[in-house]
Amino acid sequence: MAASRPPSTPMSKIERAPTLTPGGTSKSKEEKIFVTVRVRPLSKKELAMKDQVVWECADSQTILYKGPPQDRAAPTSYTFDKVFGQSCQTDLVYEDGAKDVAMSALTGINATIFAYGQTSSGKTFTMRGVTESAVSDLYKHIQNTPEREFTIKISAMEIYNEDVKDLLKPGSGSLRLLDDPEKGPIVDKLDEQVAKDKEHLRHLIGICEEQRQVGETALNDASSRSHQIIKLTVESKLREVSGCVKSFVASLNFVDLAGSERAAQTQAIGARLKEGSHINRSLLTLTKVIRKLSSEKRSGHIPYRDSKLTRILQLSLGGNARTAIICTMSPALTYVEQSRNTLFFATCAKEVTNTAKVNMVISDKQLVKQLQMEVARLQAGQRTADHASPSEILIMEKDSKIK
Ligand SMILES: Nc1ncnc2c1ncn2[C@@H]1O[C@H](COP(=O)(O)OP(=O)(O)OP(=O)(O)O)[C@@H](O)[C@H]1O
């Protein structure tokens, strides 16, 4: 039965993602990772120390170093797909830096948005706002697309000291990674829940955030000590009447990485120090993977398996997904070296090519239904043919060839 239409809202380009009919060809498309950089305002600590602002956004794509002269080899200007200055709101970062990629999931294309940067540079601040806006837009689209039936599922994990933990099922211990021949690397026994509606999804995301490992360091009162991956599975099919058997299915990942850090600056000891060294090691592997993928001849071995983070993100790094990376940094002179590392990472990332395709699945139930209809049609045709004259049979054969 056709669904009743919700109160009509003007359907702008923004509220409906581009449509694609399942059943069409699902060619893969090569596309570079979309890389943006966000510079946060000086923090209270940086202001108290009278730290100097040394990075400036010259235009919407260029970031300039304006501090005291440094190593001659160090660049003073960097360009990216977009750069966002200190006064820029997260809404705009989402609109210009993540929305297009995130909304691809509605048309069966895997999408990943992740934040990268040193500790306390604004990754969690940015990803919270980006995730919130993307969830709103997903449901806006669902409301404006009554001809399709959508299901959104959520699973979430954190990688803490190289252990993968389920954020929706706390206490379930360390989870194993398996290689699925079709899906690639998957996390075994990861809980997945169906979101009943937008509020329920927000509630589940809230639970994940509460569960995440957070600790105080000298640089951040609430520093994320793990990498967090929230994965939405977006599935949609045309409603029953169409008889269409194929559905779109895609993952939409929101990845908030833990930040690279220097023990001397975070003053970490004990557990914090151990966490810091795991964080740095997995980020180093991520950088190696990105560097290898960005080099001109990318034929060599890509060390995805050297860390759980890169194994889990494998599809998003040079694979079947559209990816947007938001790199965050402090504007302060004190962290100029870390900011340069972030900009170096971002420069490599923008050379990485992904090959995304539309993912379709065939529902068994719908397929059986369609085959039953086809059998009934053929049987009816046979019965007619049994009573037809030779010339009528010839016409029917021609007719069926044309069809
Ligand atoms: N663009 C911004 N505007 C205003 N405040 C910001 C911005 N970005 C970050 N902050 C503030 O800076 C502090 C550190 O940000 P956040 O915790 O997001 O950093 P992080 O990169 O996730 O750090 P860590 O890697 O240690 O978890 C927070 O108090 C946050 O509210």
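Everything quoted here is computed from the prediction, not taken from an experiment. Whatever order the structure lists them in is the order used to number ligands and atoms, beginning at 1.
Remark: ligand 1 atoms within the under-4.0 Å shell around heavy atoms of Gly259 are 25 (O). Close contacts of ligand 1 with Lys123, meaning ligand atoms under 4.0 Å from a residue heavy atom, involve 18 (O), 19 (O), 20 (P), 21 (O), 22 (O), 23 (O), 24 (P), 25 (O). Near Arg40, with a cut-off below 4.0 Å to any heavy atom, the atoms of ligand 1 are 1 (N), 2 (C), 7 (C), 8 (N), 9 (C).
Ligand 1 has no nitrogen or oxygen under 3.5 angstrom from a nitrogen or oxygen of Leu257. Annotation: Thr328 places no N or O atom under 3.5 Å from an N or O atom of ligand 1; distance criterion only. In terms of polar-atom proximity, Thr119 is counted as a contact of ligand 1, with an N or O under 3.5 Å from an N or O of the ligand. Considering backbone and side-chain atoms together, Phe125 places an N or O closer than 3.5 Å to an N or O of ligand 1. On a distance-only criterion, Asp256 and ligand 1 share no N/O pair closer than 3.5 Å.
Ion pairing between Arg305 and Asp179 holds under the 4.0 Å rule for side-chain N and carboxylate O. Using a 4.0 Å cut-off between charged side-chain N and carboxylate O, Glu337 and Arg340 make no salt bridge. Salt-bridge check for Asp100 with Arg322: passed, with a basic side-chain N closer than 4.0 Å to an acidic carboxylate O.
Between Arg128 and the choices Val130, Thr131, Thr124, the side chain to side chain contact (heavy atoms under 4.5 Å, CB included) rule is met once, by Thr124.
Under the 4.0 angstrom criterion for non-hydrogen atoms, Met127 is not in contact with ligand 1. Taking a 4.0 Å cut-off on heavy atoms, Ser43 fails to register as neighbouring ligand 1. At least one heavy atom of Gln118 sits closer than 4.0 Å to an atom of ligand 1. Using a 4.0 Å cutoff on heavy atoms, Pro41 counts as a contact of ligand 1.
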Under 3.5 Å, which donor-acceptor pairs do the side chains of residues 84-93 form with other protein atoms, sequence neighbours left out?
{"from": "Thr90", "atom 1": "OG1", "to": "Arg38", "atom 2": "NH1", "distance (Å)": "3.1"}
{"from": "Thr90", "atom 1": "OG1", "to": "Arg38", "atom 2": "NH2", "distance (Å)": "3.2"}

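One side chain, Glu158 or Ser226, offers a donor N or O that lies under 3.5 Å from an acceptor on the other. Judged by distance alone, the side chains of Tyr94 and Asp137 do bring a donor and an acceptor atom under 3.5 Å apart.
Annotation: cation-pi pair Lys350/Phe80 present, NZ/CZ under 6.0 Å from the ring centroid and within 45° of its normal.
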